[in-house]
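What you see is a predicted model, and the numbers here were worked out from it, not measured in a lab. Order of appearance sets the numbers: ligands from 1, and atoms from 1 within every ligand.
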Amino acid sequence: MTFFSRKNGVLHAEAVALSSIAARFGTPTYVYSRAALEAAYGEFRDALAAHPAGAGGLVCYAVKANSNLGILSLFARLGAGFDIVSGGELERVLAAGAEAGKVVFSGVGKTEAEMARALEVGIRCFNVESVPELDRLNAVAVRLGKKAPLSLRVNPNVDAKTHPYISTGLKQNKFGVAYEDALALYRRAASLPGIEVTGIDCHIGSQLLDASPFAEALDKVLALVDQLAAAGIRLHHIDLGGGLGIRYLDEAPPRVADYLTPLLQKLEGRGLQVILEPGRRLVGNAGLLLTKIEYLKPGEEKNFAIVDAAMNDLMRPALYDAYHDIVEVAPGNAAKASYSIVGPICESGDFLGHGRELAVVPGDLLAVMSAGAYGFSMSSNYNTRPRAAEVMVDGDQVHLVRRRETVAELFALESPLP
Ligand SMILES: Cc1ncc(COP(=O)(O)O)c(C=O)c1O
Ligand SMILES: N[C@@H](CCCC[NH3+])C(=O)O
C-alpha cells in the first residue's frame with residue numbers, strides 16, 4: 001500500500017491533498033502518515049512473531065530519528081519500547097506515555113544526572129559504551145541504593161558498508177567497547193555492587209542496504225555470549241541495534257522479515273529475548289517535507305528553485321550529500337527544466353537537491369520525500385528561522401502535532417545587555 005499517492009494528479013497523504021495541508025498550516029511543514037507508521041511497525045512486530053526466537057521480542061524505536069510526541073505516543077500505544085540517547089529523550093518518551101520498563105539508554109556520554117533519572121524511573125537497560133561509563137553507572141546506582149541493569153555495547157569491528165559518517169561498528173568509531181576487551185569488562189561489571197548484567201548490545205551503523213553485516217556482527221556477538229556463559233555470566237537479552245535502510249531513490253533494502261529471520265534463526269534455542277532499535281526504517285518513508293517555491297532564478301550554468309524550506313529544516317543533503325526525491329504536488333503547465341532546489345539560508349551548502357527536472361512556477365508546492373527520519377529531529381533555527389510545523393495525517397483527518405514556532409519564541413530566552 002502506498003501512503004503518499006496521486007489522486008487527479010495531486011499528491012495526497014492518505015486521503016488528504018497536500019495542497020489543502022499547505023493552505024491550512026502553511027509551509028514548510030512536515031507531513032507524516034499514521035498508516036505508514038503503523039505498517040512499518042507492524043513489519044517488525046510480525047517478523048518477530050513469526051519465529052520462535054522472536055517471541056517476546058521488543059522493538060525499541062530509536063527516538064533520535066523523529067522524536068515528535070505524536071509519533072512517540074503512537075508507537076507507545078502499539079506496544080513499542082524506545083531507544084533513547086539523552087535525558088531529554090527520556091522525558092519525551094515518558095511524556096508520550098512510554099513504559100519506563102521498555103526503555104533502553106544508548107550513547108557514549110551519559111551524565112550522572114541522566115543516569116540517576118533513568119534509574120529513578122526504572123528503565124529496562126543501560127547500553128554502556130566504555131569503562132569509565134561503567135564505573136560511573138555503578139557509583140550512581142550504589143548512591144541511590146539501586147542496581148543498574150546493564151548491557152555492554154560491543155563494537156564487533158564489522159564494515160556496515162554505509163556512509164562513513166553513519167557507520168558505527170568499526171574500530172575507529174567512538175562507539176561501543178572493543179570486542180577483544182568485552183569479556184574482561186563483563187567480568188568486572190558482574191563484580192560491581194551497583195550493576196546487574198542483563199544483556200549485550202550491538203549497533204553497527206545506519207542506512208544499511210545489505211543484510212550480511214548484521215549476520216556477521218551477530219556471529220561475533222554470539223561467540224562472545226558463549227564465552228560469557230562459560231565464565232558463568234548468563235544474559236537475558238540480546239539487542240541487535242537498528243540500522244536497516246530505506247529507499248530514497250532506487251535502493252533495494254531488504255524486507256524486514258528477510259533481514260530479521262536469518263538473525264532469529266541464529267538465536268534459536270538460546271533463550272535470549274531479542275531487542276531491536278530501528279529508527280529510520282520505522283519513520284523515514286512515513287514522512288515528507290512540504291515546501292513552496294518562492295522564486296525561480298534562471299542562471300547560465302544552473303537554474304535555481306528557491307523554496308521556503310532550507311538546510312535548517314532538512315540537513316541531510318548538506319551534511320551527507322544525501323538524496324531525497326523532490327516532486328511537484330500538483331501537475332504544472334510550465335515547461336520542464338532542470339533545477340537546483342535551494343533554500344534561503346546564506347550557505348552554498350543550503351540545498352535540498354540538484355539537477356531535478358520540474359515543471360514549476362513560483363508559488364507551486366514541492367514535496368521532499370522520505371523525510372520522516374532525521375528530518376525535523378536534526379533541524380535548527382539557523383538564520384533565525386522558525387522550525388517547520390509537523391502534522392500527522394490519519395485517513396481524512398489532519399492533526400497538528402507541532403505548531404510552527406514564532407520568531408519571538410526564537411529569542412525569548414535571550415536578553416540584551418543591561
Ligand atoms: C545506538 C543506536 N541505535 C539505533 C539507532 C537507529 O539507527 P537507524 O535509524 O539507522 O535504524 C542508532 C542510530 O544510528 C543508534 O546510534
Ligand atoms: N542522522 C543520520 C543517521 C545517523 C544515525 C544516528 N546514529 C541520517 O540522517 O542519516
Within residues 209-226 or reaching into it, pairs that qualify as salt bridge (charged side-chain N to carboxylate O under 4.0 Å, His left out) - sequence neighbours excluded: K161-D210, D219-K266, D226-R270
Taking only heavy atoms of [X], which atoms of ligand 1 are found under 4.0 Å from at least one of them?
{"X": "P278", "result": "11 (O)"}
{"X": "Y374", "result": "6 (C), 7 (O), 8 (P), 9 (O), 13 (C)"}
{"X": "A62", "result": "4 (C), 5 (C), 6 (C)"}
{"X": "D83", "result": "2 (C), 3 (N), 4 (C)"}
{"X": "G243", "result": "7 (O), 8 (P), 10 (O), 11 (O)"}
{"X": "R280", "result": "8 (P), 9 (O), 11 (O)"}

Least distance between heavy atoms, Y259 atom then P254 atom: CB-CB, 4.2 Å
Parallel, tilted or perpendicular: which describes the rings of Y41 and F75, with under 30° parallel and over 60° perpendicular? tilted
Is there a donor-acceptor pair closer than 3.5 Å between any side-chain N or O of E390 and the backbone N or O of A388? no
Below 4.0 Å from any atom of ligand 1, is there a heavy atom belonging to A65? no
Check contact between G241 and ligand 1, using heavy atoms of the residue and a distance below 4.0 angstrom. no
At under 4.0 Å between heavy atoms, is it the side chain or the backbone of [X] that contacts ligand 1, or both, or neither?
{"X": "H203", "answer": "side chain"}
{"X": "S206", "answer": "both"}
{"X": "L208", "answer": "neither"}
{"X": "R281", "answer": "neither"}

So, regarding G242 and ligand 1 (criterion: nitrogen or oxygen to nitrogen or oxygen, under 3.5 Å), is there a contact or not? no
R153 to ligand 1: N or O pair under 3.5 Å? no
For ligand 2, does Q207 get within less than 4.0 Å through its side chain, its backbone, both, or neither, judged by non-hydrogen atoms? neither
Any N/O pair S206/ligand 2 closer than 3.5 Å: no
Of all pairs that satisfy side chain to side chain donor-acceptor pair (under 3.5 Å), the ones with a partner from residues 46-64, not counting sequence neighbours: H51-E268
Is there a donor-acceptor contact under 3.5 Å linking the side chains of [X] and [Y]?
{"X": "R136", "Y": "T111", "result": "no"}
{"X": "S151", "Y": "N127", "result": "yes"}
{"X": "Y186", "Y": "Q227", "result": "no"}

Quick test of your reading of the structure: of R316, R280, K64, whose heavy atom lies closest to atom 3 (C) of ligand 2? R280
Going by the order shown, which atoms of ligand 2 are within less than 4.0 Å of some heavy atom of Y320? 1 (N), 2 (C), 3 (C), 8 (C), 9 (O), 10 (O)
Within a strict 4.5 Å, meaning less than it, do heavy atoms of the R280 and S206 side chains meet? yes
Quick one: do E114 and R117 make a salt bridge, cutoff under 4.0 Å? no
Quick one: do R143 and E112 make a salt bridge, cutoff under 4.0 Å? yes
